[in-house]
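Please read all numbers here as calculations on a predicted model, not as lab measurements. Below, read A as the first sequence line, B as the second, and so on, with proteins coming before strands; counting in each chain starts at 1.
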Number of protein chains: 2
Amino acid sequence: MSVRRESNTEVRGASARARGLTHRHPSEVPLQDALDAVADPVRRTILRELAGQPDWTRACGTFDLPVSKATRSHHFAVLRAAGLIEQRDEGPRRFNRLRRAEFDQVFPGLLALVLAERA
Amino acid sequence: MSVRRESNTEVRGASARARGLTHRHPSEVPLQDALDAVADPVRRTILRELAGQPDWTRACGTFDLPVSKATRSHHFAVLRAAGLIEQRDEGPRRFNRLRRAEFDQVFPGLLALVLAERA
DNA sequence: TAGAGTGTTCGATGGAGGTCGACCATATGA
DNA sequence: TCATATGGTCGACCTCCATCGAACACTCTA
């Protein structure tokens, strides 16, 4: 019998993993960081795939990317730091959401260029 | 007496230097190149300075940049290849013009973000 | 509690590109 | 023809970052 066992779904309070998740609102992101984030082709692929489906339906591992697991994780961290995506843990998986409106308000047109890219 | 001496102002036909000038219309520029061009802070400084004054009034050497002559020349070549500027020789000097409308038509909003940057 | 699945961290590596000094090319004017 | 000024080219260097394998951390289920 453990003390203070809340629930296995972690409804209340962040899990140990989620606590390490540092998000950044687009309004706190320098243009330099936004451009750097968007200048990488792998990251643009992530953004486009993410835009093609509803929020919170894509875990990090479900993206079709030509890189290793470690590199993939790195790219998601960059996108998070650039205010381009939001992440939420659900069990062992980490689901993603494109911060479309927020990002577009700070950097109007930039995300649209990425999503319109035929690649 | 040289044969076929046109004029010293090179009104007709390009000068030897100008002939080596390879321009690229924004419509032929991949998004990757546009983003790479704009992701460099020195190049953004050039674009902002250029936007602050009328076309064809700024020679390459008149920009206040924290880099050497060689590096400066490199940056102008990148901007030219990205369809962001147009260059024209006038005597020994090379004058610049921001391709604002053309670029904005292909990459709407991108240049505006750069010019709005407070830096 | 053991195992499987998902994702991160760490250290190392390789390549791309920004940077420079030196030299070269062109244009103007004395 | 020479001197000066502007700008480009070349080769070398160096830093940053994308990349990887391996090990680790967390979550769920048996």
Practice task
Ignoring hydrogens and angles, state whether a donor on the side chain of A:Gln87 or A:Arg97 is under 3.5 Å from an acceptor on the partner side chain.
Solution key: no
Atom-pair distance ([atom1] on [X]; [atom2] on [N]), nearest Å:
{"X": "B:Arg58", "N": "D:dT6", "atom1": "CZ", "atom2": "P", "value": "14 Å"}
{"X": "A:Leu65", "N": "D:dC20", "atom1": "CG", "atom2": "C1'", "value": "15 Å"}
{"X": "B:Leu79", "N": "D:dG8", "atom1": "CG", "atom2": "P", "value": "12 Å"}
{"X": "A:His74", "N": "C:dT8", "atom1": "NE2", "atom2": "P", "value": "12 Å"}
{"X": "A:Gln32", "N": "D:dC17", "atom1": "CD", "atom2": "C1'", "value": "13 Å"}
{"X": "A:Arg93", "N": "D:dC28", "atom1": "CZ", "atom2": "P", "value": "11 Å"}
{"X": "B:Leu21", "N": "C:dA25", "atom1": "CG", "atom2": "C1'", "value": "14 Å"}
{"X": "B:Glu90", "N": "D:dG7", "atom1": "CD", "atom2": "P", "value": "12 Å"}

Exercise for the section: Report the distance from atom CZ of A:Arg44 to atom CD of B:Gln32, rounding to the nearest 0.5 Å. Expected result: 4.0 Å
Completion exercise
Heavy-atom nearest nucleotide on DNA chain D taken for A:Arg72 and for A:Gly91; more 5' hit belongs to A:Arg72
Just to be sure I understand the rule, does [X] reach a base, reach only the sugar-phosphate, or reach nothing, if contact means heavy atoms closer than 4.0 Å?
{"X": "B:Asp40", "result": "sugar-phosphate"}
{"X": "A:Ala59", "result": "sugar-phosphate"}
{"X": "A:His75", "result": "sugar-phosphate"}

Handout entry: Side-chain donor/acceptor of B:Lys69 to base of D:dG8, under 3.5 Å
Key = yes
Practice task
Taking atom CZ of A:Arg93 as the centre, report whether more than 12 heavy atoms of other residues, nucleotides or ligands fall under 6.0 Å from it.
Solution key: no
Practice task
Could you check if a side-chain atom of B:Arg43 sits within less than 4.5 angstrom of a side-chain atom of B:Val38, using non-hydrogen atoms only?
Solution key: no
Practice task
For the side chain of A:Ala70, starting at C-beta, report the closest nucleotide among C:dC10, C:dT6, C:dT28.
Solution key: C:dC10
